[in-house]
Q: 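Take a look at the following structure, please.
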Amino acid sequence: MSVAENLERVREEITQAARQAGREPSDVRLVAMSKSQELELVRQALDAGQTLFGENYVQEAQGKSQALGSDPQWHLTGHLQSNKARLAAEVFSAVQSVHSVKLAKALNRRALELDKRLTVLLQVNVGGEAQKSGCASCDAAALAQAVAEMHGLALKGLMTLPPWTDKAEEARSYFAELRQLAESLAPNLPPGSMDELSMGMSDDFMVAIAEGATLVRVGTAIFGERYYGPKK
Ligand SMILES: *Cc1c(COP(=O)(O)O)cnc(C)c1O
């Protein structure tokens, strides 16, 4: 299957899942997770009309962004260290993985220097897994309040990466938890601060859409398996 065919299938499944949930398909945006994929495959996706991509490493995204020009938009979905905040604020239109006030402050400072308002989502560790990045659900309210006051950042919602499972249905309760958290935070924040829910990947994005996802992050189902080894 080509990237273009995969994209078409994924888009159809998004439409189907949205309709089944009584939602508008256009309310769900596809983030094509291009991390560790060859530039050529990313180019094929771009040619097939996909303009929103997700990356986990700042330098990798910078390289792809320089090679592919100004059409695509890049979202950072991986762990970011404060010392890379400057480059991140330059390369990405949104950072989905804000997990601490310290990181938010660093991004805010850099965004203000660049005279830009950087869209951010707060990454919440709904599964409470020790090895995963993200703020604890119980800390999300304080983090959201702090970010809402930073003029270089535009807070738009929450992102999560639930505990790994090979059964999509097992992720449902985590997706529901993220939605409920956003609903509980929204009344105390500026309008629009909790509009976006980034959740769902190749194996479970249809379940995530049923639970309210507005951004689904799909990699393997579009590009095939990621290849991390040395180049042959
Ligand atoms: C890789 C990745 C995805 C996509 O995973 P697939 O299973 O390949 O669709 C989604 N979100 C994040 C944060 C990722 O790192």
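Just follow the structure's listing: the first ligand is 1, and inside any ligand the first atom is 1.
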Q: In terms of side-chain geometry, is the basic nitrogen of Arg172 or Glu169 positioned less than 4.0 Å from the acidic oxygen of its partner?
A: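 Yes, this pair counts.
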Q: Only heavy atoms of Thr77, strictly under 4.0 Å: list the atoms of ligand 1 that pass.
A: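 What qualifies from ligand 1 is 13 (C).
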Q: In the protein, which heavy atom is nearest to atom 10 (C) of ligand 1, and how far is it?
A: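 Looking at atom 10 (C) of ligand 1, the protein heavy atom closest to it is Met201 SD, 3.2 Å.
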Q: In plain terms, say whether Arg179 and Glu211 are close enough for a salt bridge, that is, a side-chain N and a carboxylate O under 4.0 Å apart.
A: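 Yes, this pair counts.
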Q: Give the numbers and elements of all ligand 1 atoms closer than 4.0 Å to a heavy atom of Gly219.
A: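 Near Gly219, meaning under 4.0 Å from one of its heavy atoms, ligand 1 has 4 (C), 6 (P), 8 (O), 9 (O).
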Q: Starting from atom 15 (O) of ligand 1, locate the nearest protein heavy atom and write down its residue, its atom name and how far away it is, to 0.1 Å.
A: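 The closest one turns out to be Lys35 NZ, 2.5 Å.
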Q: Give the residue and atom name of whichever protein heavy atom lies nearest to atom 9 (O) of ligand 1, and the separation in Å to one decimal.
A: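 Checking every protein heavy atom, the shortest distance to atom 9 (O) of ligand 1 gives Ser202 OG, 2.5 Å.
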Q: For Gln96, is the nearest heavy atom under 4.0 Å from an atom of ligand 1?
A: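 Outside the 4.0 Å threshold, so no.
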Q: For ligand 1, which atoms have a heavy atom of Val218 less than 4.0 angstrom away?
A: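 Listed by number with element: 9 (O).
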Q: Please report which non-hydrogen protein atom sits nearest to atom 8 (O) of ligand 1, along with the residue it belongs to and the distance in Å to one decimal place.
A: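 The protein heavy atom lying closest is Thr220 OG1, 2.4 Å.
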Q: Taking 4.0 angstrom as the limit, do Glu60 and Lys64 come out as a salt bridge?
A: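 Yes, charged N to carboxylate O under 4.0 Å.
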Q: Inspect the contact between Glu113 and Arg110 and indicate whether a charged nitrogen and a carboxylate oxygen are less than 4.0 angstrom apart.
A: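 Yes, charged N to carboxylate O under 4.0 Å.
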Q: Pick from Val120, Val95, Leu121: which one makes a side chain to side chain contact (heavy atoms under 4.5 Å, CB included) with Met159?
A: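 Among the candidates, only Leu121 passes.
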Q: For the residue pair Trp74 and Phe92, is the inter-centroid distance of their aromatic rings smaller than 6.0 Å?
A: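 Trp74 vs Phe92: aromatic centres not under 6.0 Å.
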Q: Between Asp203 and ligand 1, which part of the residue brings a heavy atom under 4.0 Å of the ligand: side chain, backbone, both or neither?
A: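 Neither part.
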Q: Can you pull out the closest protein heavy atom to atom 11 (N) of ligand 1? Residue, atom name and distance to 0.1 Å, please.
A: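 Nearest neighbour among protein heavy atoms for atom 11 (N) of ligand 1, to 0.1 Å: Arg217 NE, 2.8 Å.
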Q: Among Val3, Leu7, Val218, which one satisfies side chain to side chain contact (heavy atoms under 4.5 Å, CB included) with Phe223?
A: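 That would be Val3; it is the only one of Val3, Leu7, Val218 passing the side chain to side chain contact (heavy atoms under 4.5 Å, CB included) with Phe223.
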